[in-house]
Amino acid sequence: MKPIRSYVRRNGRMTDAQKKYLKQYFAQESSLDQEKISEYAFIGLEIGFGMGDSIIESAQTNPDQFWIGAEVFHAGISAVLQAKEKLDLHNLQPLEGDVEHWFNTELVDVQFDLIRIFFPDPWPKKRHQKRRLVQEKFFNQVIGFLKPGGILHFASDHEDYAQMVQDLIIAHPNLVATTPPYRPMTKYARKAIDAGSGIYDVAGINQVA
């Protein structure tokens with residue numbers, strides 16, 4: 001059976017600069033440097049980083065942390081690659097494509113201190129909610145990549161989506177709900193606030209020793 005996707009690819013037209021960075025990425029940077037990752041005590045993962053606002057800020061302000069981001073949209077990958085070069089961010093690595101692919105390949109042995117999922121497509125209509133990225137199966141897979149004491153941080157401007165994730169956190173035997181860590185401001189979040197939407201953050205900490 002064909003898998004249900006939580007996203008629709010809308011890469012559209014790209015500038016010459018964007019194409020240049022993507023060509024370089026696919027030729028040289030599309031796999032993780034496992035040796036470099038091992039140099040860092042803190043490893044973060046952002047699933048679906050959009051145009052990269054939050055992951056770029058985190059890598060820039062925390063040079064002692066290594067940040068990995070997974071994204072399906074090429075414009076976002078290109079934006080992060082440009083920032084990585086301009087700001088000399090050796091502690092930042094974008095990965096193109098569905099994170100579930102990377103969980104089964106490059107990330108299979110990586111354990112994270114913080115996993116972030118910020119503003120995934122809410123698919124607000126009830127008949128479409130099966131397309132939401134965070135479903136129980138995916139949620140359980142993600143939790144398996146948390147270090148002991150690691151945190152999952154989810155944010156949405158749709159309260160029912162955040163409540164669904166909160167319920168999954170409460171029901172999971174290895175998690176305890178916790179105060180969400182700092183969330184960098186993004187263009188999407190600012191737009192939602194300006195439109196009068198609330199922002200709902202939920203988090204769970206892995207209590208398995």
Side-chain angles (χ1 to χ4, degrees), residues 1-9 31-32 34 37-38 40-50 54-55 58 65-73 76 93-183 199-209:
M1 187 170 67
K2 189 175 180 180
I4 297 172
R5 295 294 185 190
S6 64
Y7 58 87
V8 178
R9 285 192 181 273
S31 62
L32 285 176
Q34 300 288 349
I37 294 174
S38 68
Y40 292 82
F42 182 104
I43 306 172
L45 171 67
E46 185 162 336
I47 298 172
F49 56 72
S54 55
I55 198 170
S58 293
Q65 300 178 359
F66 193 88
W67 278 92
I68 299 168
E71 179 54 69
V72 298
F73 300 114
Q93 176 63 60
L95 297 175
E96 188 273 343
D98 195 316
V99 73
E100 292 190 77
H101 161 75
W102 295 106
F103 279 153
N104 293 318
T105 54
E106 302 279 346
L107 299 178
V108 67
D109 294 320
V110 181
Q111 293 283 286
F112 296 95
D113 295 271
L114 177 60
I115 298 178
R116 305 195 306 208
I117 306 174
F118 291 163
F119 307 104
D121 195 323
W123 294 101
K125 293 182 179 179
K126 193 171 183 63
R127 69 178 184 274
H128 292 156
Q129 289 182 4
K130 62 186 178 182
R131 292 183 175 273
R132 285 180 169 176
L133 173 65
V134 183
Q135 307 284 348
E136 185 173 7
K137 181 180 177 180
F138 178 76
F139 177 87
N140 290 335
Q141 183 182 29
V142 169
I143 299 309
F145 285 86
L146 282 178
K147 289 180 182 179
I151 293 175
L152 171 69
H153 181 187
F154 177 88
S156 178
D157 56 336
H158 284 252
E159 185 175 11
D160 72 304
Y161 200 175
Q163 184 60 59
M164 186 194 79
V165 176
Q166 178 81 341
D167 291 343
L168 289 171
I169 289 171
I170 292 170
H172 198 285
N174 296 346
L175 297 180
V176 172
T178 189
T179 302
Y182 167 74
R183 172 173 47 78
I199 303 295
Y200 306 94
D201 290 89
V202 297
I205 186 168
N206 183 11
Q207 62 179 345
V208 174

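Owing to the predicted nature of the structure, the values given are computational and were not obtained by experimental measurement.
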**Item:** Intermediate values then yes/no, side-chain contact (heavy atoms from CB on, under 4.5 Å), Asp201 and His153
**Value:** CA-CA 7 Å; Asp201 290 89; His153 181 187; 2.8 Å; yes
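- For the residue pair Glu100 / Trp102, no side-chain donor-acceptor distance below 3.5 Å is found, with atom types taken as modelled.
- Put simply, the side chain of Tyr161 reaches to within 4.5 Å of the side chain of Pro120, judged on heavy atoms.
- Heavy atoms only, all atoms of each residue included: Lys147 and Ala41 are closest at NZ-O, 2.9 Å.
- To the nearest 0.5 Å, atom CD1 of residue Ile55 and atom CD of residue Gln93 are 9.5 Å apart.
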**Request:** Begin with the C-alpha distance, continue with both residues' side-chain angles, and end with the deciding distance and a verdict on ring pair (Phe, Tyr, Trp, His ring centres under 6.0 Å) for His158 and Tyr200.
**Result:** CA-CA 7 Å; His158 284 252; Tyr200 306 94; 8.9 Å; no
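- Using modelled atom types, one finds a donor on one side chain and an acceptor on the other under 3.5 Å when comparing Gln163 with Asp167.
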**Item:** Worked verdict on Trp67 versus Leu45 for side-chain contact (heavy atoms from CB on, under 4.5 Å)
**Value:** CA-CA 6 Å; Trp67 278 92; Leu45 171 67; 5.8 Å; no
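- Of all non-hydrogen atoms in Arg183 and Ile199, the two that sit nearest each other are NH2-CG2, 3.0 Å.
- Atoms CD1 and CD1, on Ile169 and Ile205 in that order, are 11.5 Å from each other to the nearest 0.5 Å.
- Checking side-chain atoms of Gln34 against main-chain N and O of Glu106 turns up a donor-acceptor pair under 3.5 Å.
- For the atom pair CD1 of Ile115 and CD1 of Ile151, the computed distance is 11.0 Å after rounding to the nearest 0.5 Å.
- Between Leu95 and Leu32 the shortest side-chain heavy-atom distance falls below 4.5 Å.
- A centroid separation of less than 6.0 Å is found between the aromatic rings of Phe103 and Phe145.
- A pairwise comparison of heavy atoms in Glu46 and Ser54 identifies OE2-OG, 2.6 Å as the closest pair.
- Residues Phe138 and Ile143 fail the side-chain proximity criterion, which asks for heavy atoms closer than 4.5 Å.
- Judged by distance alone, with hydrogens and angles left aside, the side-chain atoms of Gln207 form a donor-acceptor pair with the main-chain N or O of Pro173 at under 3.5 Å.
- The two residues Leu114 and Pro181 come nearest to each other via the heavy atoms CD1-CG, 4.1 Å.
- Summarising the geometry, atom CG belonging to Leu152 is positioned 11.5 Å from atom OG1 belonging to Thr178; distances are rounded to the nearest 0.5 Å.
- Of all heavy-atom pairs between Asp121 and Arg132, the closest is O-CG, 4.3 Å.
- Cation-pi check for Arg116 over Phe154 is not met; the charged atom does not lie both under 6.0 angstrom from the ring centroid and within 45 degrees of its normal.
- Sparse packing is recorded around CD of Glu159, with 12 or fewer heavy atoms of other residues, nucleotides or ligands lying under 6.0 Å away.
- Between the Glu71 side chain and the Phe73 main chain, a donor and an acceptor come within less than 3.5 Å of each other.
- Here OG of Ser58 is found 12.5 Å from CZ of Phe49. Values are rounded to the nearest 0.5 Å.
- Closest of all the heavy-atom pairs between Val72 and Glu96 is O-OE2, 4.2 Å.
- Around the CD atom of Glu136, the shell of radius 6.0 Å holds no more than 12 heavy atoms that belong to other residues, nucleotides or ligands.
- The closest donor-acceptor contact from the side chain of Asn206 to the backbone of Leu146 lies under 3.5 Å.
- Between the CZ atom in Phe112 and the CD1 atom in Ile43 there is a gap of 6.5 Å [rounded to 0.5 Å].
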